[in-house]
Amino acid sequence: MLDLKFIRENAGLIREKHHQRGTEFDIEGLLKLDAERRRLVVDIEQWRREKKSLSQQVHETRTGEGTDDKAPDLVAKSREISTALKESEDRLQAIEQELNNLLLLIPNLPHASVPTGQSPDENVEVRRWGTARTFDFEPRPHWEIGEDLGILDLARAARMAGTRFPLLKGDGALLERALINFMLDLHVREHGYTEVFPPLLVSEESMVGTGQLPKFAPELFKMADDPYYLIPTAEVSVTNIHREEILGPGALPLCYVAFTPCFRREAGSYGKDTRGIIRQHQFNKVELVKFTEPARSYETLEQLTTDAEEVLKRLELPYRVVALCTGDLGFAAAKTYDLEVWFPSQAVYREVSSCSNFEDFQARRAGIRYRPAPGAKVGFVHTLNGSGLAIGRTWAAILENYQQADGSVAIPEVLRVYMRGLTKIEPH
RNA sequence: GGAGAGGUGGCCGAGCGGCUUAAGGCAGCCGCCUGCUAAGCGGUUGUAGGGUGAUGAGCUCUACCCCGGGUUCGAAUCCCGGCCUCUCCGCCA
């Protein structure tokens, strides 16, 4: 959410930024409502002041010794004001509701360093790491490797739940667990994050806080009989840990890492990534979330991205870092780096992590503030998050990059300690 | 799921229709004082939105005692609904 006062004073800038994003928004309509709201507030406050003073006079008249009791007149007048006041208050409430609904639909503004562009084609590669392995055979896609090894069973998963659900077995399930543990340990022990395990179901308010709602309701799984939503990412739970809080001096930065399953309806992605486990309704993810002071959020974004990259480096998976252009930026993000890992079967880089700075966009929605120093004025924090990493896609990338001519899959060195010393997964 | 108790400022805690512009304490900040420290004394300290100033300081108004309605000239205080916490019972991993 953008600051209303900021919108009032920077309408032109907002229009320009929206144009870069490829979104349109009726700023004039919003500002008209805002002007009306302010007029009403002035009226209402005047009524209230008068009413307050009348009540006081009633009291004084009744408790005083005076014989000429003017109370009935005062009461009558006060009643009159109450009626007018109530009417204005109702209107104000309606306008504020409408204003807030509009504000919740305005996307964040891209940071000045974000490349301008309309589509993902205009994203900018920032750096590349590792070299793609050369195969002396035709590299196969991860679903074939997995099915043949008996560690992935999408047919049975589909029968039990439907398409886009995972069923891992044996060493496949073990590999999933190893990845989770490896990533958590790395971020906790070496990068200084605090591990949390948050709720997987959250309230509507939390979804509004991080920006999934109201705009992206079709993307979410919602409980039919209870007011809960399944989280599409741990970002939602973890960022909302501090909702409606004022963090004390010295509390920042806060760094959390969470492993959670994530649930997405993937509405509108029919026909996309139908094979394999790239796009699932349920997948595991290790998520990094940071809360910082505004002045430090961009250096923090670089650090966060580096922390996520370290996972790929240690797994020795070739990847590249891409700066999303204005047109590809998510609704709440001011700047985003995607980490894309190499998939030899299709000879493409695919996203395994998305690291974003939301500046104060989520903090304003969720009411997450901080006090820079004792007695100082409070301000909104900046929030950031990034996958560190998506487990399912990393799992698939390992199968593809580490596949052998005989159909087996070698286990990356760093994972072996998490897999009882296993060096390869073989068919059985 | 059932029964009871309760939700007041950064924290503790009083108030239960107008004398509360929320008592008192703790903590914080600024002074004073005393070789230092401690103690003591005085002052000060919430959030949001308006008005007026220069988008500053200041002055000023309104709202906020979990949230939303209602009663009343007037609500932290009374009534209704909701949420949350605690205790006990039931059920359960």
Side-chain angles (χ1 to χ4, degrees), chain A residues 1-14 30-66 68-104 197 199-209 223 225-229 240-252 261 360 363-381:
Chain A
M1 188 157 70
L2 302 179
D3 180 27
L4 186 54
K5 200 185 275 174
F6 178 84
I7 296 173
R8 205 182 291 150
E9 289 158 7
N10 301 278
L13 175 76
I14 290 169
L30 185 99
L31 291 179
K32 258 169 105 173
L33 269 179
D34 175 49
E36 195 179 345
R37 181 188 69 91
R38 285 198 289 168
R39 270 197 303 274
L40 265 176
V41 165
V42 173
D43 281 359
I44 286 171
E45 290 189 352
Q46 197 183 320
W47 291 128
R48 281 183 182 155
R49 207 173 316 139
E50 205 168 323
K51 197 171 134 178
K52 229 173 159 176
S53 127
L54 281 172
S55 288
Q56 192 54 36
Q57 288 175 49
V58 170
H59 180 230
E60 279 159 12
T61 309
R62 288 198 175 152
T63 53
E65 295 300 314
D68 53 334
D69 187 6
K70 292 179 296 186
D73 290 348
L74 295 170
V75 168
K77 194 164 177 207
S78 185
R79 273 208 181 107
E80 240 171 76
I81 290 173
S82 282
T83 314
L85 182 61
K86 185 83 176 72
E87 204 174 298
S88 294
E89 279 174 340
D90 288 349
R91 251 180 75 210
L92 180 66
Q93 200 176 18
I95 284 170
E96 282 184 335
Q97 180 73 52
E98 201 180 333
L99 210 47
N100 198 46
N101 289 346
L102 288 173
L103 283 172
L104 289 176
F197 188 81
L200 306 181
L201 290 171
V202 298
S203 67
E204 181 178 331
E205 287 72 27
S206 289
M207 286 293 183
V208 171
M223 298 297 114
D225 299 323
D226 297 285
Y228 303 129
Y229 292 83
N240 278 288
I241 287 175
H242 295 295
R243 68 174 294 112
E244 306 298 336
E245 272 189 48
I246 298 173
L247 299 161
L252 298 174
D360 62 7
R364 184 170 286 111
R365 287 173 162 245
I368 308 169
R369 294 175 293 174
Y370 79 109
R371 197 180 299 281
K377 263 188 89 67
V378 298
F380 289 107
V381 303

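So you know, we letter chains A, B, ... as the sequences are listed, proteins then strands, and number each from 1.
For B:rG53, the base is syn relative to its sugar; the glycosidic angle is within 90° of 0.
Using a 4.0 Å heavy-atom distance criterion, A:Arg39 is classed as making no nucleic acid contact. Residue contacts shown for A:Ser78 are limited to sugar-phosphate atoms, with no base heavy atom under 4.0 Å away. Residue A:Lys77 is classed as having no contact, given no heavy-atom separation below 4.0 Å to the nucleic acid.
Proximity note for A:Val42 (side chain, C-beta onward) versus B:rG18, B:rG51, B:rU62: the nearest is B:rG51. Each of B:rC73, B:rU47, B:rG49 was ranked by its minimum atom distance to the side chain of A:Arg369; first place goes to B:rU47. In the set B:rG51, B:rC61, B:rC73, B:rC73 carries the atom at the smallest distance from any side-chain atom of A:Val75. Closest to the side chain of A:Glu45, from the set B:rG70, B:rG51, B:rU62, is B:rU62. In this structure, the nucleotide among B:rG74, B:rG69, B:rG46 sitting nearest to the side chain of A:Gln93 is B:rG69. The side chain of A:Arg79 has B:rU72 as its nearest neighbour among B:rU72, B:rG50, B:rC61. The side chain of A:Arg371 sits closest to B:rG46 out of B:rG46, B:rG74, B:rG51.
Using C1' as the reference atom, B:rC66 and B:rU60 are 30 Å apart when rounded to the nearest Å. For the P atoms, the distance linking B:rC79 with B:rG1 amounts to 25 Å, nearest Å. Separating the C1' atom of B:rU20 from that of B:rC92 is a span of 49 Å, rounded to the nearest Å. Rounded to whole Å, the P atom of B:rC12 lies 30 Å from the corresponding atom of B:rG2. Rounded to whole Å, the P atom of B:rG49 lies 31 Å from the corresponding atom of B:rG43. For the P atoms, the distance linking B:rC19 with B:rG35 amounts to 47 Å, nearest Å. The separation of B:rC29 from B:rA23, taken at their C1' atoms, amounts to 22 Å, rounded to a whole angstrom. Comparing the same atom, C1', in B:rG25 and in B:rG13 gives a spacing of 8 Å after rounding to whole Å.
Per the geometry, CG belonging to A:Asn100 stands 16 Å off P belonging to B:rA48, to the nearest Å. Atom pair A:Glu245:CD and B:rU47:C1' shows a separation of 15 Å (rounding to whole Å applied). Across the protein-nucleic acid pair, A:Lys52 atom NZ and B:rU21 atom P stand 8 Å apart, rounded to whole Å. Look at NZ on A:Lys86: it is 17 Å from C1' on B:rG74, rounded to the nearest Å. Distance CD (A:Gln56) to C1' (B:rU72): 16 Å, rounded to an integer number of Å. Residue A:Lys5 contributes atom NZ, which lies 9 Å from atom C1' of B:rG49 at whole-angstrom precision. Between the CD atom of A:Glu80 and the C1' atom of B:rG74 there is a distance of 17 Å, given to the nearest Å. Following rounding to the nearest Å, A:Ile44 (CD1) and B:rA48 (P) show an atom-to-atom distance of 20 Å.
Between the A:Asp360 side chain and the A:Phe380 main chain, no donor and acceptor come within less than 3.5 Å of each other. A donor-acceptor pair under 3.5 Å is formed between the side chain of A:Thr83 and the backbone N or O of A:Arg79. For A:Arg243 (side chain) and A:Ala366 (main-chain N/O), no donor-acceptor pair under 3.5 Å exists by modelled atom type.
Interatomic distance, CG of A:Leu85 versus CD of A:Glu45, reported as 11.0 Å (0.5 Å rounding). Note that the CZ atom of A:Arg91 and the CD1 atom of A:Ile44 stand 8.5 Å from one another [nearest 0.5 Å].
Along RNA chain B, the nucleotide nearest to A:Arg48 and the one nearest to A:Glu96 differ in position, and the one closer to the 5' end is contacted by A:Glu96. When each of A:Asp34 and A:Lys51 is assigned the nucleotide of RNA chain B with its nearest heavy atom, A:Asp34 is the one assigned upstream, toward the 5' end.
Under the Watson-Crick and G-U wobble criteria, each requiring two contacts below 3.5 Å, nucleotide B:rC33 is left unpaired. Remark: B:rG56 base-pairs with no nucleotide in the shown strands. Criterion, Watson-Crick or G-U wobble with two distances under 3.5 Å. Pair assignment for B:rG6 gives B:rC84, based on Watson-Crick or G-U wobble hydrogen-bonding distances that are each under 3.5 Å. Nucleotide B:rA23 has no partner under the Watson-Crick or G-U criteria, as no pair reaches both atom distances under 3.5 Å. B:rU71: no Watson-Crick or G-U partner with both key distances under 3.5 Å is found in any strand. Nucleotide B:rG17 is matched to nothing when pairs are restricted to Watson-Crick or G-U wobble geometry with both distances under 3.5 angstrom. In a base pair of the Watson-Crick type (N1 to N3 plus N6-O4 or O6-N4) or a G-U wobble (N1-O2 and O6-N3), with each distance short of 3.5 Å, B:rA48 is matched with B:rU62. Nucleotide B:rU77 forms no Watson-Crick or G-U wobble pair with any nucleotide shown, as no partner meets the under 3.5 Å limit on both distances.
A close approach under 4.0 Å does occur between a side-chain nitrogen or oxygen of A:Ser82 and OP1 or OP2 of B:rG74.
The pair A:Asp90-A:Lys86 meets the salt-bridge criterion, with a side-chain N (NZ, NE, NH1 or NH2) lying under 4.0 Å from an Asp/Glu carboxylate O. Note on A:Glu98 versus A:Arg37: no salt bridge recorded, every NZ/NE/NH1/NH2 to OD/OE distance being 4.0 Å or above.
The side chain to side chain contact (heavy atoms under 4.5 Å, CB included) with A:Leu102 is formed by just one residue from the set A:Ile7, A:Asp34, A:Leu30; it is A:Leu30.
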